Each structure stands twice: as C-alpha cells, then as structure tokens.
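Model, not experiment: these values are computed from the prediction. In the text below, chain A, chain B and the rest are named by the order of the sequence lines, each starting its count at 1.
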Amino acid sequence: LADRAGAGPWPRLARLARIESRARAVTLVRVAGMLAVVGLAEATFLLAGLVTGALAALAVLAVLLALAGVHRGLPEGRAAIALSVLPLLRVLSISLPSILVPQWIWHAEIGIPVIVATALAARLAGLGASEIGVRRPEALETIVAAGAGLLLGLVAARITDAVTIVSDRSILTAALASLAVIIGAAAAEELLFRGLLLRVAEGIVAGSGIAASALLSTLMYVATLNPRYIVFIAAVSLVLGVITRRSGSLGPALACHATLVWSQLILWPALLG
Amino acid sequence: MVDAQIASHLPGTPLQSLAFPVDGWVAGFLIALLCIRLLLTAAKSPTARTGLRVIDVAVVPLFIGFAAIVYGRIQEILPLG
C-alpha cells in the first residue's frame, strides 16, 4: 500500500501507511520482548530451581501487569495481559502442590484460578466468550476429537510411563479425579492457549496465531524434562490450534484434550497397570 | 501443569512445607497488589479504573491460590497438634 500510494497522487496516504507499518513493527518488537521475558522466567525455573523460578515468575508477572496498564487499549497491552496468565500459572503450579494432598486435587487447585485469570484477562482484552471460542460446537466433530484424544492419551501414557493419579479404587474418588483433571487441566489449558492466547496472537501476527499458541503451551511443558513428551505436546498443540481455528469453537479441542489427559492419567494406567 | 521439575522437589514434611519460601512470596505479592489496588481506588480517576481491572487479573486467582495454600498448611499442621 505504501509503495502504490507513494507512486500515485496521494502522499498523505503513503505517510499514513508508513506510520501504520512503523506502529506495527513497534508492536511486534514489544510483544517479542514480552515473549522473551516469559521464556527467560521459564529458563530460570528450569535451570535455577523452584524457589528462584517462582521469584522470576512473580517478577515477570509484575512487569507484564505494569505493561498491560501502560499500553492499555493497544495490541501490546492485550498481549501483556494475556501473557501475564503464564507466570501466574507457573507460580500457582509451584506453590499449590503439597505432598499431603492427593495428586488429582493439584489439577483443580491450579486450574480453577487459571480459568478465573483467563476469563478476567479476556474481558480486559475486550474479548467476549464467543470470541475466545466458547460457543456451541458441531457434535460430530466433537465426538471424533474426543475419540482421537483417547488414542493420543494412550501414546502420552506410554511416553511418560504414567501411573494413575487416583489413590484408591473407589468410584467416587475416580469420578472426582476425572472432574478435577477435565476442568483443571483440559478446560484451563484450552481456554488459555487455544482461547485467549490464540485469539490475541492472531490479532498481532495474523496467520501465525496457531504457531504462537503452540509455542507457548509447549514452553509450559518443557519442565516435564522429557524430550519425547515435549515434541508430542508441540504436535498436539498445533493440531488443536488448527481444529479450533477451523471449527471456530473450543469444543472439539476441549473434548480431545479432556479425553487425552483423562485417559493418560486415569484410564490407561488403570487398564494397563 | 505439575511437571517432573516440581513434583520431584516438593517439601516432604510439614516443617519443610513451612520453610518453603514460595508460599510467603505469593502472600507478600498478593498483599502488595492489594495495597496498589487500594491506592488506585482512592485515586478515583478513569486511568485508575483500568489499573484496577489489570490488577484484578492477578489478585483474584492469587487470592484463590492463597486460600488453597492456607488450607493445605492447616491440613499439614493439624496432625502435629
């Protein structure tokens, strides 16, 4: 547009186009800086341990909140508020697990605050529920995705040598654990990565939103310290991003993720021993 | 979300839990955010209103997390009594 307008009789239009492209470049640089800071906090967590990692995540959270306030109403402000959920997730995942509490409760303890944070961040970024994919999905697509999730869960259980997170054989515990895993792990992550972050990333780098959200969700799984699982998560995140964009709803991706994580942590370890 | 890096370094006893500093930092960070929130509320300007909404993105989930931390610590300490 800048070239065509500059060659024609509209130099003012060319100047506006140049200003717009410069503003876009500034936005991209700022968002890249925010991503680098989030990545640095994760690297600190991996290399320096839990305590220093939590301190780094809290510092990054404070910086991103400040940037969200300074750049309010701009794309970088929306990026800052969406990205701030990541260090929040890291801090909660370090401080909430306790060895005296059953492992399945950890998922609910961490997932529920993350869902609340994602909803508040989406509201602040001016995104309604339907814009982040909370809308009625197509039934057949959702059922197929849920079936695929069961098979992916088997692969994930094999890669991670998963053991069941249900401590006893009671049906009530199994039902509560299933609910905790589906809400705390699947729903929280889908709302954050395929809902909020995918939508915000597409608003900044059109066409690369899926890659950006997959990169961020993979980044949060690097701490599993299992290279095969990290590659698996990256591939699944890309596929879930594509599914979400194609269907326009989080439903199929959520169904796939829910059956994946449920079968990985509860079903397959119980069946296969 | 709870990775090998975390699961392998969890405090193993109630005393180790009490000595784990991250919970205290979460509480301190939450108190700092609440103080900033009070200051912004007192400012009563349109800019401050946006600031309040930004801070709420962290305050509300951290408060839920803090409640869970306190509950967990009480569960750990009660058997000692």
Side-chain angles (χ1 to χ4, degrees), chain A residues 45-46 49-51 53-55 58 61-62 64-66 68-69 72-73 77 80-81 84-85 87-101 103 105-121 123-124 160 184-185 188-189 220-226, chain B residues 1-30 32-33 36-37 40 46-80:
Chain A
F45 164 64
L46 281 170
L50 258 60
V51 176
L55 201 57
L58 282 173
L61 176 59
L64 289 174
L65 290 177
R72 60 188 174 278
I81 202 66
S84 70
V85 185
L88 191 67
L89 164 63
R90 179 53 68 210
V91 169
L92 293 172
S93 68
I94 292 173
S95 61
L96 291 180
S98 165
I99 211 153
L100 300 177
V101 174
Q103 202 178 339
I105 295 180
W106 300 354
H107 294 279
E109 279 183 333
I110 300 164
I112 290 168
V114 168
I115 290 173
V116 171
T118 306
L120 290 170
R123 195 184 67 164
L124 191 62
T160 56
E189 289 184 23
M220 300 311 283
Y221 275 89
V222 172
T224 56
L225 307 175
N226 181 339
Chain B
M1 282 188 283
V2 182
D3 325 287
Q5 174 81 344
I6 296 166
S8 59
H9 290 89
L10 284 177
T13 64
L15 280 177
Q16 282 176 357
S17 289
L18 286 174
F20 192 54
V22 177
D23 300 347
W25 292 341
V26 169
F29 192 78
L30 182 59
L33 286 179
I36 296 169
R37 201 180 186 287
L40 287 173
T47 319
R49 209 170 300 133
T50 313
L52 282 177
R53 291 175 67 196
V54 169
I55 284 178
D56 282 347
V57 171
V59 164
V60 179
L62 278 178
F63 191 80
I64 297 171
F66 179 69
I69 289 170
V70 171
Y71 175 77
R73 293 299 165 265
I74 290 171
Q75 291 297 311
E76 287 164 359
I77 293 164
L78 277 180
L80 293 179

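Nearest approach of Arg123(A) to Arg53(B), heavy atoms of both residues: O-NH2, 3.5 Å. Between Pro61(B) and Pro113(A), the closest heavy-atom pair is CB-O, 3.3 Å. The minimum heavy-atom distance between Leu92(A) and Gly65(B), with the atom names listed, is CD2-CA, 4.1 Å. The heavy-atom pair separating Ser95(A) from Ile69(B) by the smallest distance is OG-CD1, 3.9 Å. For the pair Pro21(B) and Val51(A), the tightest heavy-atom approach, listed with the atom from each and the gap, is CG-CG1, 3.7 Å. Here the shortest heavy-atom pairing between Ala68(B) and Glu109(A) reads CB-OE2, 4.1 Å.
Val60(B) is listed as a side-chain neighbour of Leu120(A), based on a closest heavy-atom distance under 4.5 Å. Using a 4.5 Å heavy-atom cutoff, the side chains of Trp25(B) and Val91(A) are not in contact.
Here OH of Tyr71(B) is found 13.5 Å from CG of Leu96(A). Values are rounded to the nearest 0.5 Å. A distance of 9.0 Å separates CG of Leu65(A) from CD1 of Ile36(B), quoted to the nearest 0.5 Å. The CG atom of Leu58(A) sits 9.0 Å away from the CG atom of Leu33(B) when rounded to the nearest 0.5 Å.
Chain B forms more heavy-atom pairs under 4.5 Å with one residue of Ala80(A), Gly69(A), Ala54(A), Ala117(A) than with any other, namely Ala117(A).
Interface remark: Leu55(A) contributes backbone and side-chain atoms alike to the contact with chain B (heavy atom separation under 4.5 Å). The contact between Phe20(B) and chain A is made entirely by side chain atoms (from C-beta outward), counting heavy-atom distances below 4.5 Å. Residue Ala62(A) touches chain B through both its backbone and its side chain, counting heavy-atom pairs closer than 4.5 Å.
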Review point. Would Val22(B) and Leu50(A) satisfy side chain to side chain contact (heavy atoms under 4.5 Å, CB included), going step by step from the backbone distance to the final call?
Key: CA-CA 8 Å; Val22(B) 177; Leu50(A) 258 60; 5.5 Å; no

